Amino acid sequence: MTVQTADETQRKAATIVGARLSRCAHSGGLCGEFYVLGRLVVSNNAAQTALNIVAHERLFRLGIASNLAVFAVDVALIAALYLVLKPIDPILALLAAGWGLIETAILVVAACSDFAVLRVLSGAAYLVPFGDDRLQALASLSIGGHRAGYNVGLVFAGLRSTAFCYLWFKSGFIPRALAAWGVVASLLMGMCSFAFIMFPELRR
């Protein structure tokens with residue numbers, strides 16, 4: 001298997017991928033999904049979760065904003081990966097980019113469910129007839145929808161990442177051991193996310 005040589009366009013795209021976009025995406029994703037939701041959402045306690053979100057609404061909004069920023073960066077990251085790896089296998093690179101865009105679209109929809117949480121917990125006058133218990137339950141349902149959407153997005157993320165890592169392996173642009181590890185890790189991510197959809201009790 002011969003090692004491919006990257007042209008100037010590929011080198012610039014690779015610089016974007018490696019030095020800028022990946023770092024931004026990882027930091028924003030960790031903030032939105034782990035720090036914010038991990039701090040505010042209390043498992044199996046809709047009332048306390050609602051109280052936490054109302055008390056820290058700005059933090060909850062920061063989580064939404066950071067997620068949306070990550071998704072915007074993801075589109076640029078996918079485009080850069082496609083530019084770098086298209087010469088290796090145009091069809092597989094296009095397929096990987098398509099999976100990545102589907103992933104991003106699903107995650108954007110999942111993030112939109114967070115606005116429903118804020119709406120039902122806003123304390124608006126038209127919500128008074130529903131009662132606190134029902135509103136807290138509705139907020140919890142929206143949070144559950146976010147998590148379900150995120151899980152579906154991770155299935156496509158696994159497909160996208162597996163394909164791109166295979167193309168990295170095939171290209172020889174990076175150490176093949178690293179690319180091979182990426183293929184294995186990406187497959188595991190996608191398979192685990194799919195398993196959680198099929199067998200939700202595994203999360204418990």
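The structure presented is a predicted model; accordingly, all values stated were derived computationally and were not measured. Basis for what follows: all heavy atoms, side chains included, without hydrogens, waters or symmetry-related copies.
- Separating the CD1 atom in I106 from the OH atom in Y150 is a distance of 12.5 Å, to the nearest 0.5 Å.
- Every residue was checked against the side chain to side chain donor-acceptor pair (under 3.5 Å) condition with S140, not counting sequence neighbours, and none meets it.
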**Study point:** From CA spacing to verdict: side-chain contact (heavy atoms from CB on, under 4.5 Å), T162, Y166
**Key:** CA-CA 6 Å; T162 299; Y166 172 74; 5.6 Å; no
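- Atoms CD1 and OG, on I143 and S113 in that order, are 8.5 Å from each other to the nearest 0.5 Å.
- Here CZ of F130 is found 7.5 Å from CG of L138. Values are rounded to the nearest 0.5 Å.
- If you take CD1 on I78 and OG1 on T104, they are separated by 4.0 Å, rounding to the nearest 0.5 Å.
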Expected list for residues 181-200: side-chain donor-acceptor pairs under 3.5 angstrom, two or more places apart:
| from | atom 1 | to | atom 2 | distance (Å) |
| --- | --- | --- | --- | --- |
| S186 | OG | S161 | OG | 2.5 |
| S186 | OG | G182 | O | 2.7 |
| S193 | OG | M189 | O | 3.0 |

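- Every pair tested for salt bridge (charged side-chain N to carboxylate O under 4.0 Å, His left out) that includes a residue from residues 115-135 fails, sequence neighbours excluded, so the list is empty.
- A distance of 6.0 Å separates CG in L81 from CH2 in W168, rounded to the nearest 0.5 Å.
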Exercise for review: Could you walk me through whether I64 and L118 pass the side-chain contact (heavy atoms from CB on, under 4.5 Å) test, one step at a time?
Suggested key: CA-CA 11 Å; I64 299 172; L118 293 173; 4.0 Å; yes
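- Put simply, the residue from N67, L107, L141 that forms a side chain to side chain contact (heavy atoms under 4.5 Å, CB included) with H146 is N67.
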Identify every side-chain donor-acceptor pair in residues 47-54 under 3.5 Å, counting partners at least two apart or on other chains, and give the distances.
| from | atom 1 | to | atom 2 | distance (Å) |
| --- | --- | --- | --- | --- |
| Q48 | NE2 | N52 | OD1 | 2.9 |
| T49 | OG1 | V42 | N | 2.8 |
| T49 | OG1 | V42 | O | 3.1 |
| T49 | OG1 | N45 | O | 2.9 |
| N52 | ND2 | L40 | O | 3.0 |
| N52 | ND2 | Q48 | O | 3.4 |

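- For the residue pair A96 and A163, the shortest heavy atom distance occurs at CB-CB, 3.5 Å.
- Residues Y82 make up the rest of the hydrophobic cluster containing L94, defined by ILVMFWY side-chain heavy atoms closer than 4.5 Å, directly or through other members.
- Every pair passing salt bridge (charged side-chain N to carboxylate O under 4.0 Å, His left out) that includes a residue from residues 46-59 is listed here, sequence neighbours excluded: E57-R61.
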